[in-house]
> 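Starting off with a structure, shown below.
Each chain gets a letter, A, B and so on, in the order the sequences are listed, and its residues count up from 1.
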Protein chains: 2
Amino acid sequence: MGVDVDPARRSIGARRNPDSADAILEAAEAVLVEAGYAGFSIEAVARRARAGKPTIYRWWPSKAALLLEVYQRQKRVDVPDTGRLEEDLVGFLKNLFAHWRETSSGSVFRSLIAEAQSDDAASAALAGYALGRRSHTGQIIERAKARGEIGVDIDSALVADLIASFAWKHLLTNQLDEDEATIRKTVSYVMRGIAAPGK
Amino acid sequence: MGVDVDPARRSIGARRNPDSADAILEAAEAVLVEAGYAGFSIEAVARRARAGKPTIYRWWPSKAALLLEVYQRQKRVDVPDTGRLEEDLVGFLKNLFAHWRETSSGSVFRSLIAEAQSDDAASAALAGYALGRRSHTGQIIERAKARGEIGVDIDSALVADLIASFAWKHLLTNQLDEDEATIRKTVSYVMRGIAAPGK
DNA sequence: GCGATTAAACGAAACGGCCCGTTTTCAAGC
DNA sequence: GCTTGAAAACGGGCCGTTTCGTTTAATCGC
């Protein structure tokens with residue numbers, strides 16, 4: 001008569017069926033792409049995964065938790081390493097926009113931002129990923145520092161935040177089809193801020 | 001005994017009761033602030049406004065339409081005009097963050113961004129408001145051009161887009177409490193891109 | 001002018017439907 | 001036998017719509 005997992009064991013001895021979990025996560029991703037965040041319901045995911053709702057609720061306590069795990073499964077975008085900061089940044093943004101456009105990552109990330117507006121867990125996760133040197137852009141800038149291309153006094157977090165902001169806004173306003181020239185000009189502006197002597 | 005409006009005449013002879021419309025718009029704003037976008041339902045707005053749902057549906061065909069009108073009723077943020085570009089930009093961002101923090105505008109704008117992810121009308125509106133010289137930041141930059149502070153070849157739209165992106169991301173990640181130093185440093189970076197000679 | 005007429009918007013209530021999150025039941029497998 | 005999970009049913013909320021009387025306010029005849 002096993003109905004539910006003992007809540008106390010949920011995080012200890014319980015292990016979920018990998019096949020089933022995979023099917024659910026894949027279904028969640030598919031629903032997100034096809035119906036968008038507005039159509040992302042546990043019911044829809046369960047239907048698509050041919051799973052029962054209790055199965056989903058057993059392993060993911062909230063919509064945000066499921067969304068977060070879908071996000072973490074996403075393939076990462078390629079981070080170029082050309083040896084030149086500007087090329088790395090332009091290349092990264094090009095890759096990122098293409099990645100968001102051509103895979104499900106764009107839908108997933110947009111939904112995560114949306115969910116973060118009302119769910120604390122998603123909000124915290126989003127804040128964590130955006131933190132300075134842990135971000136892809138932050139790493140690119142740190143590398144440039146390491147090889148002496150820019151001064152070590154540059155505030156990587158600030159520059160990374162600016163570039164991430166640019167990417168976010170273009171994702172949220174459906175402007176991922178920016179041509180390379182726009183990306184390049186934008187990066188160039190930010191770069192000049194790095195290269196120019198402080199006022 | 002007239003019962004309802006003929007749809008064909010809806011846009012001709014129809015008039016809506018200003019008092020009722022006001023009450024609905026105010027209720028919508030209040031619901032948005034108190035329950036957030038997730039709790040923003042037509043039903044909740046009607047309850048709060050002591051209005052019938054049909055009344056709302058009669059005048060606003062969608063949630064997005066209602067949200068847009070609430071947004072348009074918002075007080076505008078003060079745009080400083082000190083005669084110095086950098087001061088204007090820093091002052092504007094400070095005002096904007098405070099405005100978003102301390103009034104309902106932050107909630108309203110966040111909801112508008114969220115709605116734009118699934119509604120074309122909201123999306124188009126958002127894209128329209130963000131367009132270069134029509135934006136507040138665009139105006140500040142154009143003024144600086146007009147008084148010769150910066151070159152006329154500066155791409156106002158690009159710089160305005162960067163600054164708007166920064167503001168958006170900080171709104172969406174609940175980072176509106178940035179101290180003035182962070183804002184000033186960010187503006188300073190962008191400003192250097194303007195002041196420095198092109199590569 | 002002014003009261004009667006009539007059109008229109010109004011609040012309230014109820015509808016069928018969908019999805020929520022939860023609980024119960026029951027079949028299958030390690 | 002014990003765990004797992006699929007299926008079904010639950011109470012509840014909101015959806016968008018329709019149908020009621022009722023109230024407000026322009027229009028028109030006198």
Side-chain angles (χ1 to χ4, degrees), chain A residues 1-28 31-32 34-67 111 114-115 118-119 121, chain B residues 1-28 31-32 34-67 111 114-115 118-119 121:
Chain A
M1 147 215 349
V3 172
D4 213 309
V5 127
D6 178 355
R9 296 186 57 191
R10 192 175 279 185
S11 50
I12 304 177
R15 26 155 214 227
R16 60 191 182 201
N17 180 336
D19 291 346
S20 174
D22 257 24
I24 290 169
L25 289 167
E26 279 173 24
V31 168
L32 225 38
E34 291 171 14
Y37 177 65
F40 181 67
S41 70
I42 300 289
E43 188 124 4
V45 173
R47 248 199 318 269
R48 171 129 197 163
R50 299 178 166 281
K53 285 197 289 177
T55 305
I56 300 184
Y57 280 112
R58 171 146 32 220
W59 299 119
W60 294 276
S62 70
K63 214 155 87 164
L66 179 56
L67 202 52
S111 304
E115 185 73 12
S118 60
D119 185 283
Chain B
M1 192 211 300
V3 173
D4 215 357
V5 106
D6 175 354
R9 298 187 56 190
R10 192 175 279 185
S11 51
I12 303 178
R15 67 222 138 100
R16 67 183 177 202
N17 181 336
D19 291 346
S20 174
D22 257 24
I24 289 169
L25 289 168
E26 279 174 24
V31 168
L32 225 40
E34 291 171 14
Y37 177 64
F40 181 66
S41 70
I42 299 288
E43 191 125 2
V45 173
R47 247 197 322 266
R48 170 130 197 161
R50 298 175 169 283
K53 283 198 290 177
T55 305
I56 299 183
Y57 280 112
R58 171 150 33 225
W59 299 119
W60 295 277
S62 69
K63 215 155 89 164
L66 179 55
L67 205 49
S111 304
E115 185 73 11
S118 61
D119 185 283

> Just to be sure I understand the rule, does A:A46 reach a base, reach only the sugar-phosphate, or reach nothing, if contact means heavy atoms closer than 4.0 Å?
nothing
> Does the side chain of A:I24 reach to within under 4.5 Å of the side chain of A:W60, using non-hydrogen atoms?
yes
> Should B:R58 be listed as having a side-chain N or O under 4.0 Å from OP1 or OP2 of C:dC10?
yes
> Any side-chain N or O of B:T55 less than 4.0 Å from the OP1 or OP2 oxygen of C:dG11?
yes
> Please give me the minimum heavy-atom distance between A:L67 and A:S111, naming the atom from each residue.
CD2-O, 3.6 Å
> I need the full list of salt bridge (charged side-chain N to carboxylate O under 4.0 Å, His left out) pairs touching residues 37-47 of chain A, with sequence neighbours left out, sorted by first then second residue.
A:E43-A:K53
> Shortest non-hydrogen contact from A:A49 to A:A23?
CB-O, 3.8 Å
> Rounding to a whole Å, what distance do you find between B:I56:CD1 and C:dA9:P?
16 Å
> For nucleotides 12-16 of chain D, give me every protein contact, N/O to N/O, under 3.5 Å, one pair per line with atom names.
residue: D:dC15; atom: OP1; partner: B:I42; partner atom: N; Å: 2.9
residue: D:dC15; atom: OP2; partner: B:I42; partner atom: N; Å: 3.3
residue: D:dC15; atom: OP2; partner: B:E43; partner atom: N; Å: 2.7
residue: D:dG16; atom: OP2; partner: B:Y57; partner atom: OH; Å: 2.1
residue: D:dG16; atom: O5'; partner: B:Y57; partner atom: OH; Å: 3.3
residue: D:dG16; atom: N7; partner: B:K53; partner atom: NZ; Å: 3.2
residue: D:dG16; atom: O6; partner: B:K53; partner atom: NZ; Å: 2.8

> With rounding to the nearest 0.5 Å, note down the distance linking CD1 in A:I56 to CG in A:L25.
9.5 Å
> Quick one: does any side-chain atom of A:K63 pair with a main-chain N or O of A:E115 as donor and acceptor, under 3.5 Å?
no
> Looking at B:W59, I'd like to know whether one of its side-chain N or O atoms comes within less than 4.0 Å of OP1 or OP2 on C:dA9.
no
